[in-house]
Amino acid sequence: MELVLALVIGVLFGTGTFLMLRRNLIRVVLGLGLLSHGANLMLMAGAGVPRGRAPILGAGAGAVVDPLPQALVLTAIVIGFGVTAFLLVLAYRHIATFGDVDVLGTPMDPAPARVQARAAADGERTVAGRAASRPAGAPGGGGDFR
Amino acid sequence: MTSLILRTVARVSLHLTLLFSVFLLVSGHNAPGGGFIAGLVAAAALVLQALAFGVEHARRMVPVDETALAALGLLLAAGTGVAALVLGQPFLTSGLLHLDLPFWPEVKISSAFFFDLGVYLVVVGMVLQVIFGLREA
Amino acid sequence: MSSPLVFLPVLLPLLGGIVLWLARRSLGVGRWGSLALAAVTLGVEVALLGLVRARGVQVMFAGGWVPPFGITLVVDLTSAIMLVVSGIVGLCVLGHAVQTLDPDRERHGFYALYQFLFMGINGAFVTGDIFNLFVFFEVMLIASYALVSLGSEPGQLRGGVHYLVTNLVSSTLFVAAVGTLYGLAGTLNLADLAVKVARAPDPAVFTIPAAVFIVVFGVKSALFPLYFWLPASYPAAPLPVTAVFAGMLTKVGVYAVLRVFSLVFTHDPGYLHAALLVVAGFTMLLGVLGAVGYDNWKRILSVHIVSQVGYMIMGIGFLSVAGLAAAIFFIVHQILVKTALFLIAGLAERATGAYDLGEMGGLAGRYPVMASLFMVAGLSLAGVPPLSGFFGKFLLIRAGLAQGEVAVVAVAIVVSFFTLYSMMKIWRYAFWGEEKPAGLRPVPAALYLPAAALVAFSVVLGLGGEALLVLSQQAAAQLLDGTAYVMAVLGAR
Amino acid sequence: MSGLVVYALAALGVSAGLALARLLLGPTAQDRVMASDVLVTHVVAALAMLAILFRDAVFIDGVLVVTLVGFVGTVAYAQLVQRG
C-alpha cells in the first residue's frame, strides 16, 4: 500500500511538474493542481497508511485512524482551492489583456510575435475537441477561454 | 442554448440541493459535513441556475452582493472566536447553548455551529463571485 | 504566561479588514479607518513587547486546547520585535498610500487587502506550530497576490502570474515537507518538535524535511537560486505595495528560517547551517551584481532586497548567539531602511513622474529634504557608520570571524562596496547634475512624513543601537536555548 | 455478501479504467465529457458499494454530494463544448 501511494505521489508530482513547465497558463494551473494533490497525498502518506475506522463520533468501537492529517489535508485543500480559483481569475484577466495564455512575456514587455503564435497553437491543442467543432483557422487559441 | 431538460432539472433540483446543503451544515457537528462542503453544495445549486437560466437570473436569487456575503461570513466566524474572548475564555473556545423552544424542547446549539455558518457564507460568497465573474465578462 | 493580547495583532487586522472591505466604497472610512487601525495595532504590539520583556514568553491556546493538540500562539522576544517592526512599517507605508494611491484602487478594496496582508504577516510571527505557519503564509500570499494584481495593468499581470506560480509551488513543497515531518515526529507544534528532534534516537532523518524547508523558505525569502521571481514582480506593483512587500514579505520568510533553524533543526549544523551559509554567500553576491545593471530606481532597490536577505541568512547560518543577534538586528534595520528607500523613491516619482534614473536629475537643489533623507537611508543601507546598517553588518562580520567563517565574511564585505556603489549611482543620477525633467512638481510636506519617520528610526537605531542590541541578544539567547519557549508552551501540561 | 460487493467493486474498477481510456483517447471533446460523466457515476457507485461493505451510512452523504456537484460539472463542460 505504501508503495502504491509512493508511486501515485511520484506520478502526480512528475505530471504536475511537466505541465508546469509549459508556456500555456491554463496548463500551468492544471499542473499546480496536480502538484498540490501530490503534496496532500504526501501529507496523508507521511502520517502512515490509514488502518482503522473513520474518526467519526458514535460510529462504533475499534481503533480509529489519526484524524489530524485529515484535518490538515482538508485545510490544505481549502487553501489550494481558493488559490486555484484566484489563479484562474488571473489567467482570465491575462487572456482578456494580452489575448494569449503565454506566461513567458517579460513584465512591461509584450511577448514577441513568434512566441505568441506558439502559445496560440498550444492553446488550440488544449481544447482540441472544441477546435474541431469550430471553423478551421479560427484566430487565437487564447480566445477560446473567454 | 439551454435545453428544456436542463431547465426542468435545474428548477427541480434547486430546492433539493439547497436543502441538502443545510442538512450538511447542521449535521457537520459530529458527522461528515460542515460549513465548507455545505457551502460548496449550495454554490453548486446556484451555479446550476446560472448555467440553465443565465448569470443574471442566478444573481437575483442571492439578495446581497456576493463579496458582502463572504465578508459577513468571515465576520461571523471571527466573531464566534471573539465571543469566547469576551467571555474570558481563550480565543475560539466552543460553548454549548441549551434552549427550550416551544414544541422543540432541549435544543443544543454549539458555538461551533455559528463558526460553520460563517464558513458556509464565506464559501458560497467566494465561489459565486469567482464563477459569476468568470462567466459574465 | 497566557495572555489574550497575543492574538490581537492577528485579530485586529482581520476584523478591521472585514469592516474596511464592507465600507470600501467610502474613501474617508478607508483612509482614516485603516490609519487608525494600523496605529492601534502598533500600540498593541508595543505593549506586547513590553509584556514579553517584563514577564517572559507569552502564549495563547486557542479553544483552551493544551499543546501539542490544538492551535498555539507564542510570542517570544524575537516575535515581539518583529511584530513591532511590522506595525511601524504598516503605519508608515499606509501613511504614504493614503496620499498617493488612485481612488480606483482604493475603492477596489486596497485597504482591506492591506489589513489582510498584515494579518498573515503577524500571524506568521506569532504562530506556534508549523502548519499554521503554512496557513498564515497563504493568508499573506493570497492578500499579496491580490495587491500585486489590483488594477490589472499589463505589467502587473505578468509579474503577478510569475509571483503567484512560484510561490504556489513553494507552498506545495511546504505541505509535502510538513507531511514528512509529521510522519517522522508525530507532531507539528514547534516546541514539541524541538523536544522530539533533540531527543530523537536518529536525528539524521530530520535533515530531509529540514532541507526541503530551506527550499520552501528560500522561495519565500528570495534566496539563491530561487530569487528569480522577485525582480519580475515587485517593481510592477504600485509603490506602496512594493514598499511593504520589500519591507516585510521576504523578511517573513527569513523569520521562518530563523525560527525553524534555531529552535527545531539544530541537530545537524554541519550540513544544514553550512548549506545556509553557502546559499547566503551566493545570495548576497548575485543580488548585488544583479542590481548593478539596472537604471530604474524601483528595480535597483528590488534586486537589492535579494542581496540583503543573504546577510540575514548568513547570521542565521552561524548558529551562535552573536550571529542570531546580529541577524535580528540586521532584519530590523533592513526592514525600516528598505521601506524608507522605497518611500523616498515614491517621493521622487511624485516630483518627476518617473522611476527611471535617466529621466531625472538634480533633485538635490530643489528638494533638499528628499536628498538628505535619501543620503541617510542609502548610506545606512550600504553600511556607513554611524548609521544602523553599519552596526548590523559589523555585528554580522564579527560573529562570522569569531567562528572562522572567513569566506562568507569576505563576500559580505565585498558586497557592501557594491551596495554603496548602487546607492551612489542613484544619488549621482537622481540628485546631482542638471535639473530634469523640466516640469518638476511640488511634493507636499505631509508626504515626507512617513519616509522621514522611518529614516529617523534608522538614525536612532544607529546612534542608540545599544538598546536594540541588548534586546536582540536576549532574543537570540532565547531562540538558541529554546528552554523558555518550550517551557512556556509545554509547561502548561 | 461482502464477497459480492468486492466483485462489484472490481467490475467498477475495470469499467472505470475503460472510461479513463476514453477520456484520454478522445477523440472529440464530446467523448471526453461523456467519459468524465461516466467516471463521476463510477465514483458514486463505488461510494455506495463501500457503504455496504463497511455498513456505514456516512458514505451515502458522499454519494449525494458527488452526484449533485458532478452533475453541475458535466453540464458546465457540455455547455463549454456546445458554445464552441
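Quick note: numbers below take in every heavy atom, side chains included, and nothing from hydrogens, waters or symmetry partners. Numbered from 1 within each chain, the chains take letters A, B, ... in sequence-line order.
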Participant: Under 4.5 Å heavy-atom distance to chain A, tell me which part of C/A177 shows up: side chain, backbone, both or neither.
Facilitator: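 Neither part; nothing is under 4.5 Å.
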Participant: Does a side-chain heavy-atom distance below 4.5 Å link A/V83 with C/Y145?
Facilitator: yes
Participant: Evaluate the side-chain proximity of C/F134 to A/T75: yes if any heavy-atom separation is below 4.5 Å, no if none is.
Facilitator: no
Participant: Enter the distance from C/L164:CG to A/L87:CG here, rounded to the nearest 0.5 Å.
Facilitator: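 Here the interatomic distance stands at 4.5 Å.
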Participant: Please classify the contact of C/V139 with chain A as side chain, backbone, both or neither, using a heavy-atom distance under 4.5 Å.
Facilitator: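 Answer is neither: C/V139 stays 4.5 Å or more from chain A.
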Participant: Atom CE in A/M20, atom OG1 in C/T166: separation rounded to 0.5 Å?
Facilitator: 7.5 Å
Participant: CD1/A/I79 to CZ/C/F137 distance, rounded to the nearest 0.5 angstrom?
Facilitator: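 Taking CD1 in A/I79 and CZ in C/F137, the distance rounds to 12.5 Å.
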Participant: Among the options A/V73, A/N40, A/L68, pick out the one with the most heavy-atom pairs lying under 4.5 Å from chain C.
Facilitator: A/L68
Participant: Do any of residues 208-218 of chain C have a heavy atom less than 4.5 Å from a heavy atom of chain A, and if so, which, in residue order?
Facilitator: none
Participant: If you take all heavy atoms of A/P69 and C/Y182, which pair is closest and at what distance?
Facilitator: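 Between these two residues, the closest heavy atoms are CG-CE2, 3.7 Å.
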Participant: Quick one: are A/L72 and C/L188 in side-chain contact, heavy atoms under 4.5 Å?
Facilitator: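 When only atoms from C-beta onward are counted, C/L188 and A/L72 do touch, with a gap below 4.5 Å.
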Participant: How long is the straight-line distance from CZ of A/F86 back to CG of C/L168, given to the nearest 0.5 Å?
Facilitator: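 The distance works out to 10.0 Å.
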Participant: Could you list the residues that satisfy side-chain hydrogen bond (donor to acceptor under 3.5 Å, both in side chains) with C/D129, not counting sequence neighbours?
Facilitator: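 C/D129 satisfies side-chain hydrogen bond (donor to acceptor under 3.5 Å, both in side chains) with C/N132 only.
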Participant: Out of curiosity, A/L35 CG to C/S171 OG, how far, rounded to the nearest 0.5 Å?
Facilitator: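 Taking CG in A/L35 and OG in C/S171, the distance rounds to 11.0 Å.
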Participant: To the nearest 0.5 angstrom, please state how far the CG atom of A/L43 sits from the OG1 atom of C/T180.
Facilitator: 8.5 Å
Participant: Quick one: which of A/S36, A/A76, A/A39 has the most heavy-atom pairs under 4.5 Å with chain C, could you say?
Facilitator: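 Among A/S36, A/A76, A/A39, the one with the most close pairs to chain C is A/A39.
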